[in-house]
Amino acid sequence: MSNIEEKHSTLETIISQRKEKIKQIKELGVNPFSYNYSVTHKNNEILENYDKFENKEVAIAGRLMAIRKMGKASFANVTDSTGKIQLYISKKDIGEDKYKLFKILDIGDFVGCKGIVMKTRTGEITVKVLELELLSKNIRPLPIVKEKDGVLHDTFSDKEQRYRKRYLDLILNPDVKGTFVKRTKIIAATRKFFDEKGYLEVETPILQPIYGGANARPFETYHNTLGMNLFLRIADELYLKRLIIGGFDKVYEICKNFRNEGMDKSHNPEFSMIEFYEAYVDFNYMMDLVEEYFKNIAKTLGSLEIEYDGNKIDFNKPFQRISMFKLFEKYLEVDISDYGKEELIPLCEEKNFEFDPKWNYGQFIDALFGEFVEKHLIQPTFVTDFPKEISPLAKTRRDGNEKLVERFELFIGKEEYVNSFSELTDPIDQRKRLESQAKLRDQGDKEAQIVDEDFLQALEYGMPPTGGVGIGLDRVIMLFTGQTSIKDVLFFPQMKKENE
RNA sequence: GCACCCGUAGCUCAGUUGGCAGAGCAGGUGACUCUUAAUCACAAGGUCGAAGGUUCGAGUCCUUCCGGGUGUACCA
């Protein structure tokens with residue numbers, strides 16, 4: 001025997017068997033990849049209105065998810081976008097040829113069937129098939145999830161596979177679909193909320209010659225014809241402000257932003273935000289609007305009280321509004337509102353908190369807040385009184401306190417969801433602030449902002465007082481779907497290349 | 001970035017002290033006309049994530065690398 005037997009893995013064997021089946025199916029005169037099918041009803045309609053459908057004819061279509069053969073008659077489960085229904089298929093009803101076809105079908109195939117709605121002896125609503133059609137042949141075996149008494153067995157649970165092959169996750173883990181339907185509902189409700197407030201939805205460039213509006217490292221790309229470097233936007237702030245300067249009163253954009261930095265449970269390199277800007281209002285007005293927005297989304301999804309990551313979050317009450325320094329007083333047990341950098345250094349030492357002596361006042365406050373305060377902010381809380389150094393696009397406090405700006409962030413369940421300020425409209429001040437960012441950049445802060453001359457020029461023409469807000473939509477979606485990883489609210493989270 | 005955990009058949013998982021790589025499901029063949037994690041019988045299916053090393057002998061121990069998860073840090 002000189003013939004070398006090819007060693008096949010199970011997978012290769014199954015795929016070649018199914019390709020062989022395609023040949024057989026064609027020999028039976030059947031197209032294994034048909035063009036259309038006239039569906040009269042969805043599975044759930046039938047299951048929910050059995051009385052109406054009993055003994056009536058229906059035509060349904062979907063994917064075969066289980067097959068139980070018993071000789072001359074068989075049962076199968078077929079799943080469509082609404083749910084799973086049982087088929088009863090007997091040789092007597094569909095004829096010798098079609099039964100032969102049925103017998104070579106596999107789990108994963110799409111079928112269409114016309115038949116009579118009935119109940120089996122055990123009471124299960126079932127379509128007794130009279131005409132069976134193969135709509136699309138599967139050749140790669142679908143993972144099999146079994147279910148008994150509501151308990152799932154052998155679930156498709158490998159997170160890596162679920163993220164890389166989201167289509168399988170959607171087929172095999174029904175809850176996943178629900179999360180993404182909710183995602184779409186939240187986006188739609190967001191759009192509706194701002195449309196009804198008289199905001200104009202706009203689109204601004206994703207490819208930007210200069211990036212800005214946030215502190216982050218960008219993705220860089222290159223345009224061949226223009227011969228220039230472009231950046232994927234890290235925020236759309238500076239463009240939306242240009243539109244306010246241009247005379248729009250209220251604009252919003254639901255935008256994808258791109259930030260070239262670390263990834264974790266709440267950071268994906270591309271993510272969704274909504275930013276909105278309104279002329280003639282300040283950050284206090286925006287606090288009201290943001291509070292209304294969150295209550296609106298909660299209501300849309302059914303409840304003003306939710307549970308998230310082990311915490312009960314209550315949207316009924318007015319959100320707490322509190323100065324960062326009051327929070328420091330509470331959790332640091334020191335009033336640091338009059339402290340400068342010189343006083344903060346011994347405080348850090350006393351609290352055993354590691355710091356970089358090169359930090360400016362704002363960076364100290366920011367770091368201390370992150371370490372000692374954030375973890376306590378469970379219920380919705382507007383935090384105000386941010387230092388100027390970490391807020392280069394926000395107006396100085398109107399009461400003359402030069403260290404602080406009119407800015408708030410909304411925290412829920414220890415996470416930041418919203419960032420907002422009374423937008424800085426003074427072009428001279430704005431230039432100064434961006435220049436001091438540039439200085440930080442020169443000192444090695446890769447996330448400091450860039451001086452955008454075009455934006456500064458726009459400001460010089462005059463910008464009305466404006467309130468602006470950015471909301472991290474993926475996080476909002478996580479909150480209202482109960483997911484604690486951003487990967488579970490993105491259809492296709494970013495992954496490293498799989499090795500072969 | 002650091003720490004810990006995981007990677008075995010298409011899927012879900014066993015694999016003891018280092019001693020012949022296993023099961024269920026799916027797939028194949030056969031039986032079976034109300035099954036439903038259908039059942040029964042038979043046969044098949046493996047680069048144990050990759051590469052090195054220790055050893056008479058490595059799925060198992062060591063090193064490096066790849067991928068994933070969790071925590072932590074950076075992060076708006």
Side-chain angles (χ1 to χ4, degrees), chain A residues 7-18 20-21 65-77 84 86-93 99 104 106-108 118-124 126 128 138-165 168 172 213-217 234-235 237 257 259-267 271 273 354 356 366-367 369-371 374 383 386 390-391 393 407 409-411 415-420 446-447 449 470-472 475 484-485 487 493 495-500:
Chain A
K7 272 273 178 188
H8 281 295
S9 72
T10 325
L11 180 61
E12 285 165 338
T13 307
I14 291 173
I15 289 174
S16 61
Q17 279 165 353
R18 294 197 183 172
E20 192 54 43
K21 281 181 177 183
M65 294 299 288
I67 300 172
R68 295 178 289 280
K69 292 179 201 169
M70 299 174 308
K72 297 190 180 71
S74 302
F75 290 89
N77 296 337
K84 166 187 95 179
Q86 181 170 256
L87 305 178
Y88 174 75
I89 299 141
S90 79
K91 194 191 250 183
K92 198 179 72 194
D93 294 327
Y99 200 73
I104 59 175
D106 293 291
I107 289 169
M118 62 159 204
K119 267 190 187 172
T120 60
R121 198 156 56 189
T122 52
E124 180 161 354
T126 299
K128 182 182 178 186
N138 158 298
I139 62 168
R140 189 174 287 269
L142 216 53
I144 306 292
V145 179
K146 299 247 176 181
E147 183 235 309
K148 187 184 187 178
D149 304 329
V151 181
L152 296 174
H153 302 265
D154 297 346
T155 51
F156 183 65
S157 55
D158 183 284
K159 284 202 173 179
E160 183 176 356
Q161 291 302 312
R162 290 182 48 209
Y163 296 144
R164 289 189 194 280
K165 299 189 169 177
L168 289 181
L172 299 162
N215 291 46
R217 295 170 69 179
I234 59 170
E237 170 147 0
N257 292 336
R259 296 188 185 175
N260 208 339
E261 45 193 37
M263 290 166 62
D264 61 27
K265 282 181 90 161
S266 57
H267 295 82
F271 64 100
M273 293 226 319
E354 254 185 70
D356 183 341
D366 195 30
F369 185 80
E371 175 71 15
E374 265 183 34
V383 179
F386 284 76
I390 56 165
S391 316
L393 302 167
R407 170 180 179 182
E409 289 189 350
L410 173 63
F411 285 83
E415 275 282 351
E416 178 209 333
Y417 286 78
V418 180
N419 185 19
S420 167
K446 289 184 173 127
E447 286 166 1
Q449 300 192 24
I471 304 179
R475 290 188 186 171
T484 54
S485 168
K487 286 191 164 82
M495 301 284 275
K496 276 197 189 177
K497 239 197 312 195
E498 200 174 13
N499 53 335
E500 316 239 323

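In the text below, chain A, chain B and the rest are named by the order of the sequence lines, each starting its count at 1. The analysis underlying the following values was restricted to heavy atoms, covering all of them including side chains, and did not include hydrogens, waters or symmetry mates. No experiment lies behind these values; they were computed from the predicted model shown.
Rounded to the nearest 0.5 Å, atoms CG (N138(A)) and NZ (K21(A)) are 9.0 Å apart. Atom CD1 of I107(A) and atom CD1 of I67(A) lie 5.5 Å apart (nearest 0.5 Å). Rounded to the nearest 0.5 angstrom, E124(A) CD and N77(A) CG are separated by 7.0 Å.
When every heavy atom of R475(A) is checked against every heavy atom of Y417(A), the shortest pair comes out as O-CE2, 3.2 Å. Considering all non-hydrogen atoms of both residues, Y99(A) and K72(A) come closest at OH-C, 3.3 Å. When all heavy atoms of L172(A) and P143(A) are compared, the pair lying nearest together is CD2-O, 3.3 Å. The two residues Y88(A) and A73(A) have their closest heavy-atom pair at OH-CB, 3.7 Å. When every heavy atom of K496(A) is checked against every heavy atom of R164(A), the shortest pair comes out as O-NH1, 2.7 Å.
Remark: K146(A) is in phosphate contact with A38(B), judged by side-chain N or O atoms under 4.0 Å from OP1 or OP2. Between R162(A) and G69(B) there is no side-chain N or O to OP1 or OP2 distance below 4.0 Å. Distances shorter than 4.0 Å separate none of the side-chain N or O atoms of K148(A) from OP1 or OP2 on A38(B). Phosphate proximity of U35(B) to R121(A): present, with a side-chain N or O under 4.0 Å from OP1 or OP2. Residue K21(A) places no side-chain N or O under 4.0 Å from the OP1 or OP2 atom of G27(B). OP1 or OP2 of U70(B) has at least one side-chain nitrogen or oxygen of K159(A) nearer than 4.0 Å. Residue R68(A) places none of its side-chain N or O atoms closer than 4.0 Å to OP1 or OP2 of U35(B).
Across all strands shown, R140(A) has no heavy atoms under 4.0 Å from either base or sugar-phosphate atoms. A216(A) comes within 4.0 angstrom of sugar-phosphate atoms only, judged by non-hydrogen atoms across all strands, and of no base. As judged by a 4.0 angstrom heavy-atom cut-off over every strand, Y88(A) is placed among the base-contacting residues. Residue I390(A) is classed as a base contact, given a heavy-atom separation below 4.0 Å to a base. Note on D366(A): a base of the nucleic acid sits closer than 4.0 angstrom, heavy atoms only. Here S266(A) lies out of heavy-atom contact (under 4.0 Å) with every strand. Residue contacts for E416(A): at a heavy-atom cut-off of 4.0 Å it reaches a base atom on one of the strands shown. Backbone-only engagement by S157(A) is indicated by non-hydrogen atom pairs under 4.0 Å involving sugar-phosphate atoms exclusively. Within 4.0 Å (heavy atoms only), K91(A) reaches no atom of the nucleic acid at all. Within the 4.0 angstrom heavy-atom criterion, only backbone atoms of the sugar-phosphate kind lie near E447(A); the bases stay farther away. Across all strands shown, K119(A) has no heavy atoms under 4.0 Å from either base or sugar-phosphate atoms.
Atom NZ in K265(A) sits about 14 Å away from atom P in A73(B), given to the nearest Å. Here C11(B) presents its P atom at 6 Å from CD of Q161(A), a figure rounded to the nearest Å. The nearest whole Å value for the distance from the CD1 atom in I104(A) to the P atom in U29(B) is 10 Å. Atom CG of D154(A) is separated from atom C1' of C11(B) by 7 Å (rounded to the nearest Å). If you measure from atom CZ of F156(A) to atom P of C11(B), you get 8 Å, rounded to the nearest angstrom. In this entry the distance linking NE2 of H153(A) with C1' of C11(B) reads 15 Å, nearest Å. Protein atom CG of L152(A) is 18 Å distant from nucleotide atom P of C11(B), rounded to whole Å. To the nearest angstrom, P of U72(B) lies 13 Å from CD of E374(A).
One P atom belongs to G24(B), the other to C42(B), and the distance between them is 11 Å to the nearest Å. Spacing between C65(B) and G1(B) at atom P, rounded to whole Å, works out to 11 Å. G7(B) sits 14 Å from U60(B) when the C1' atoms are compared, rounded to a whole Å. Comparing U33(B) with C25(B), their C1' atoms are spaced 25 Å from each other, to the whole Å. Distance noted for atom C1' between G10(B) and A26(B): 7 Å (whole Å). Remark: the separation of the C1' atoms in U8(B) and A23(B) is 12 Å, to the nearest Å. The gap from the P atom of C66(B) to that of U12(B) amounts to 24 Å, rounded to the nearest Å.
Here U55(B) sits opposite no nucleotide as a Watson-Crick or G-U wobble pair (both hydrogen-bonding atom distances under 3.5 Å). Figure legend. G7(B) is base-paired to C66(B); pairs are counted as Watson-Crick or G-U wobble with both atom distances under 3.5 Å. Across all strands shown, A37(B) remains unpaired; no Watson-Crick or G-U wobble contact has both distances below 3.5 Å. Pairing for C2(B) goes to G71(B), judged as Watson-Crick or G-U wobble with the two contacts each under 3.5 Å. U47(B): no Watson-Crick or G-U partner with both key distances under 3.5 Å is found in any strand. With a 3.5 Å ceiling on both atom-pair distances, the Watson-Crick or G-U wobble partner of C42(B) is G28(B). Remark: A14(B) base-pairs with no nucleotide; criterion is Watson-Crick or G-U wobble with both hydrogen-bond distances under 3.5 Å.
For T155(A) and U12(B), a side-chain-to-base donor-acceptor distance below 3.5 Å is absent, hydrogens and geometry of angles not being considered. At a cut-off of 3.5 angstrom, the base of G27(B) holds no donor-acceptor pair with the side chain of D106(A). Donor-acceptor pairing under 3.5 Å, judged by distance alone, is absent between the side chain of D264(A) and the base of C75(B).
With C75(B), C34(B), G68(B) as the candidates, the nucleotide lying closest to the side chain of R164(A) is G68(B). Listed candidates were G45(B), G28(B), G68(B). Nearest to the side chain of T10(A) is G45(B). Listed nucleotides G24(B), A26(B), G67(B) differ in distance to I107(A); the shortest reach to its side chain belongs to A26(B). Side-chain proximity of K496(A) to the nucleotides C34(B), G69(B), G67(B) is greatest for G67(B). Among C75(B), G27(B), C34(B), the nucleotide with an atom closest to any side-chain atom of Q17(A) is G27(B). Closest to the side chain of F75(A), from the set G24(B), U35(B), G67(B), is U35(B).
For the pair M273(A)/F271(A), a side-chain contact is recorded, criterion being any heavy-atom separation below 4.5 Å from C-beta on.
Other residues, nucleotides and ligands place more than 12 heavy atoms under 6.0 Å from the NZ atom of K69(A).
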